[in-house]
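Worksheet: the structure to be examined is printed underneath.
As a basis for the values below, the full set of heavy atoms in this structure was taken, side chains included, without hydrogen atoms, waters or symmetry mates.
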Amino acid sequence: MIGNLIDIVGRDHVLLDADLRAGYEADWTGRFRGSTIAVVRPGSLDEVAGLIDLCRCEGIAIVAQGGNTGLVGGGVPLAGELVVSLRRLVTIDPVDVAARQVTVGAGATVGDVRAAAAAAGLAYAIDFAARDAATIGGTIATNAGGINLLRYGGTREQVIGVQAVLGTGAVVGGLQGLVKDNTGYHFASLLCGSEGTLGIVTAARLRLVARHEHRVAALIGFRTVGDAVAAVADLRSALDSLEAAEIMLRAGVQLVCDAVGLTPAFAQHPPVFLLIEVADHHDPIDEISSVVGGLSGVVDVAVASEPLRRAALWRYREDHTSAINTLGPPHKLDVTVPIDRIEEFIATVPGLVATVAPQARTWLFGHIGDGNIHVNISGLAEDDDAADEAVLIHVASLAGSISAEHGIGAAKTRWLHLTRSSGEIAAMRAIKHALDPDGILNPHVLLPESLPDSSSERFGNQKMV
């Protein structure tokens with residue numbers, strides 16, 4: 001088997017040494033770890049197809065991996081799978097300015113694509129803290145959202161076309177960049193969010209957006225979460241140029257300041273922080289000031305238009321993850337609830353966790369404009385899922401989703417039935433079997449081992465367990 005792998009990708013790109021494999025065998029959180037016989041690094045579409053054909057013949061399962069920034073165990077070899085790393089597929093073609101598109105390899109990072117777009121006077125809409133490590137292939141696999149979803153949508157909205165190898169070994173998709181093509185099923189949309197269970201994406205044609213020269217960030221302190229939720233509604237109504245709206249709580253901001261040595265933005269930490277960013281072709285600072293001046297419950301405000309100062313404000317939000325990790329590997333739950341349930345959700349989750357894990361601490365932050373709240377729980381054993389289950393059941397009871405942008409991975413397969421019906425899970429399995437008949441592509445993520453009982457229908461359909 002090793003000899004055949006070497007024949008396909010070359011000796012230098014089959015990693016066998018334990019020290020070389022180690023970085024591919026654990027996820028970013030350190031909570032999910034596995035082992036693999038080898039890490040294989042293909043450098044072309046043909047090599048990816050060759051690997052899939054070989055693994056089909058040998059009955060070897062595959063986990064495709066990009067930057068390995070996943071948070072739900074979806075990209076590491078938890079069951080001994082062969083790791084196929086796509087980090088060599090880093091080509092970024094010249095930007096097609098007229099079409100506002102660019103074709104990139106699956107291993108190109110989000111940060112590099114954003115830089116290429118900026119050099120051409122445009123922008124790539126997807127952005128988040130892991131931009132310099134996360135790859136385009138990985139963001140497609142999870143349908144990543146990020147901080148700008150409020151204005152531009154998630155990854156699925158940015159992918160015009162893909163090139164991919166299915167589990168059958170067939171090459172599908174196209175990179176022509178046609179924005180109107182109604183010839184049947186849209187493979188780009190199907191593969192986006194499939195978590196590597198249907199095919200391995202090798203390249204993508206991405207939509208680019210206008211680049212706005214004027215950017216203003218504002219950190220606003222509020223008395224209550226309800227005030228912040230109402231403020232976002234007002235800001236969205238008044239500012240079409242609103243790109244991001246992030247919520248943080250006093251405890252989380254204090255942890256960030258303590259962990260990474262930041263000076264507090266305000267003399268006293270308010271209970272709730274809202275970080276917004278507005279981008280336009282003209283300076284929007286007067287418009288922002290006018291809207292913020294009319295908001296209720298405001299305690300304090302810090303505004304920045306100069307890049308370094310904006311970056312400093314963003315650190316209070318983007319350093320949450322690293323600060324929480326200083327307390328040990330957290331349980332990370334990436335959920336969505338309806339906008340009108342955010343205040344209730346944030347108020348009840350810490351107490352809910354405390355009832356099943358009194359020693360745990362709950363940290364809440366996230367993308368308030370689209371209802372995506374990141375629930376991080378520290379102080380739990382890695383295999384203690386009681387708090388996870390309590391939170392996810394609560395999310396489903398509020399007609400929410402147990403995954404907003406990180407994916408289901410291996411971490412949440414057992415709870416997929418909370419927000420997907422048995423009919424939907426069966427349909428997804430049928431698609432999986434059609435496109436990966438031998439079940440070699442990431443077989444232990446996303447889909448549960450068995451269908452849920454009919455009594456376990458999703459809360460979102462008002463069918464209660």
Side-chain angles (χ1 to χ4, degrees), residues 71 145 147 149-150 219-236 244-257 265-266 268-276 295-300 316-321 323-324 327 330-358 360-380 386-406 412 415 418-419 459-460:
L71 302 172
I147 59 177
L149 184 142
L150 190 65
L219 185 65
I220 312 168
F222 285 95
R223 295 190 183 93
T224 70
V225 172
D227 289 334
V229 172
V232 172
D234 291 341
L235 289 161
R236 294 188 72 180
E246 303 289 304
I247 190 170
M248 301 165 284
L249 303 182
R250 174 188 287 154
V253 173
Q254 184 64 62
L255 177 66
V256 169
C257 291
F266 305 130
Q268 294 184 342
H269 281 319
V272 181
F273 294 77
L274 177 66
L275 177 62
I276 65 169
L295 299 177
S296 299
V298 174
V299 176
D300 212 337
Y316 295 110
R317 166 61 177 87
E318 293 193 334
D319 283 352
H320 261 66
T321 298
I324 293 168
L327 306 176
H331 287 225
K332 302 181 77 66
L333 300 174
D334 159 56
V335 303
T336 303
V337 295
I339 301 296
D340 62 357
R341 309 302 289 272
I342 290 176
E343 184 176 17
E344 175 187 357
F345 180 73
I346 289 178
T348 54
V349 164
L352 182 64
V353 170
T355 61
V356 295
R361 296 189 68 183
T362 303
W363 311 93
L364 300 168
F365 60 97
H367 315 300
I368 186 173
D370 50 53
N372 177 194
I373 304 300
H374 296 300
V375 181
N376 284 227
I377 308 172
S378 58
L380 296 176
D388 303 55
E389 182 165 81
V391 173
L392 295 179
I393 289 175
H394 184 47
V395 167
S397 73
L398 299 177
S401 170
I402 67 169
S403 178
E405 58 184 6
H406 295 167
K412 291 184 279 190
W415 297 295
L418 291 174
T419 47
F459 286 94

Identify, with sequence neighbours excluded, every residue that meets side-chain hydrogen bond (donor to acceptor under 3.5 Å, both in side chains) alongside Ser296.
none
Hey, does Ile324 have a side-chain heavy atom less than 4.5 Å from the side chain of Phe365?
yes
Answer whether the closest heavy-atom distance between the side chains of Trp415 and Asp388 falls below 4.5 Å.
yes
Working to the nearest 0.5 angstrom, can you tell me the gap between Phe222 CZ and Asp227 CG?
7.0 Å
His406 meets the side-chain hydrogen bond (donor to acceptor under 3.5 Å, both in side chains) criterion, sequence neighbours left out, with none
With sequence neighbours excluded, what pairs up with Ala245 under the side-chain contact (heavy atoms from CB on, under 4.5 Å) test?
Leu150, Val232, Leu274, Ile276, Ile368
Please list, chain by chain and in numerical order, all residues satisfying salt bridge (charged side-chain N to carboxylate O under 4.0 Å, His left out) with Glu343, sequence neighbours excluded.
none
Kindly compute the distance separating OG1 (Thr336) from NE2 (His367), expressed to the nearest 0.5 Å.
9.0 Å
If you take all heavy atoms of Gly369 and Arg236, which pair is closest and at what distance?
O-NH1, 3.4 Å
Please report the closest heavy-atom contact between Tyr316 and Val253, naming both atoms and the distance.
CD2-CG1, 4.1 Å
Hey, could you give me the CD1/CG distance between Ile373 and Leu364, rounded to the nearest 0.5 Å?
7.5 Å
Which residues pass the salt bridge (charged side-chain N to carboxylate O under 4.0 Å, His left out) test with Glu246, sequence neighbours left out?
Arg317
Heavy atoms, side chains only, cut-off 4.5 Å: are Met248 and Leu219 in contact?
yes
So, using ring-ring contact (aromatic ring centres under 6.0 Å, His included) as the criterion, who are the partners of His331 when residues are at least two apart?
none
Show the nearest heavy-atom pair for residues Gly221 and Pro270, with the distance to one decimal.
CA-CG, 3.6 Å
Closest non-hydrogen atom pair, Leu380 against Ala387
CD1-CB, 3.9 Å
Test salt bridge (charged side-chain N to carboxylate O under 4.0 Å, His left out) applied to Asp319 - qualifying residues, sequence neighbours left out
Arg315
Heavy-atom donor-acceptor pair, Ser401 side chain to Ala404 backbone, under 3.5 Å
no
With side chains defined as the heavy atoms from C-beta onward, is the minimum distance between Arg250 and Gln268 less than 4.5 Å?
no
Between Leu249 and Val272, is there a side-chain heavy-atom distance shorter than 4.5 Å?
yes
In Å, rounded to the nearest 0.5 Å, how long is the span from CG of Asn376 to OG1 of Thr321?
6.0 Å
Return the set of residues passing side-chain hydrogen bond (donor to acceptor under 3.5 Å, both in side chains) with Ser378 (not counting sequence neighbours), or none when no residue passes.
Trp363
Kindly check if the number of other-residue, nucleotide or ligand heavy atoms within 6.0 Å of CZ (Arg341) is above 12?
yes
Just to verify, what does Ala244 make a side-chain contact (heavy atoms from CB on, under 4.5 Å) with, not counting sequence neighbours?
Ile147, Asn148, Glu277, Trp314
First locate atom CG of Leu333, then atom CD1 of Ile377, and finally report the distance between them rounded to the nearest 0.5 Å.
5.0 Å
To the nearest 0.5 Å, how far apart are CD1 in Ile247 and CG in Asn372?
12.0 Å
Residues in side-chain hydrogen bond (donor to acceptor under 3.5 Å, both in side chains) contact with Asp370, at least two apart in sequence or another chain:
none
Which pairs would a plain distance check flag for residues 347-358, meaning a side-chain donor or acceptor within less than 3.5 Å of a matching protein atom at least two apart in sequence or in another chain?
unit_1 : atom_1 : unit_2 : atom_2 : d
Thr348 : OG1    : Glu344 : O      : 2.8
Thr348 : OG1    : Phe345 : O      : 3.3
Thr348 : OG1    : His394 : NE2    : 2.9
Thr355 : OG1    : Leu352 : O      : 2.5

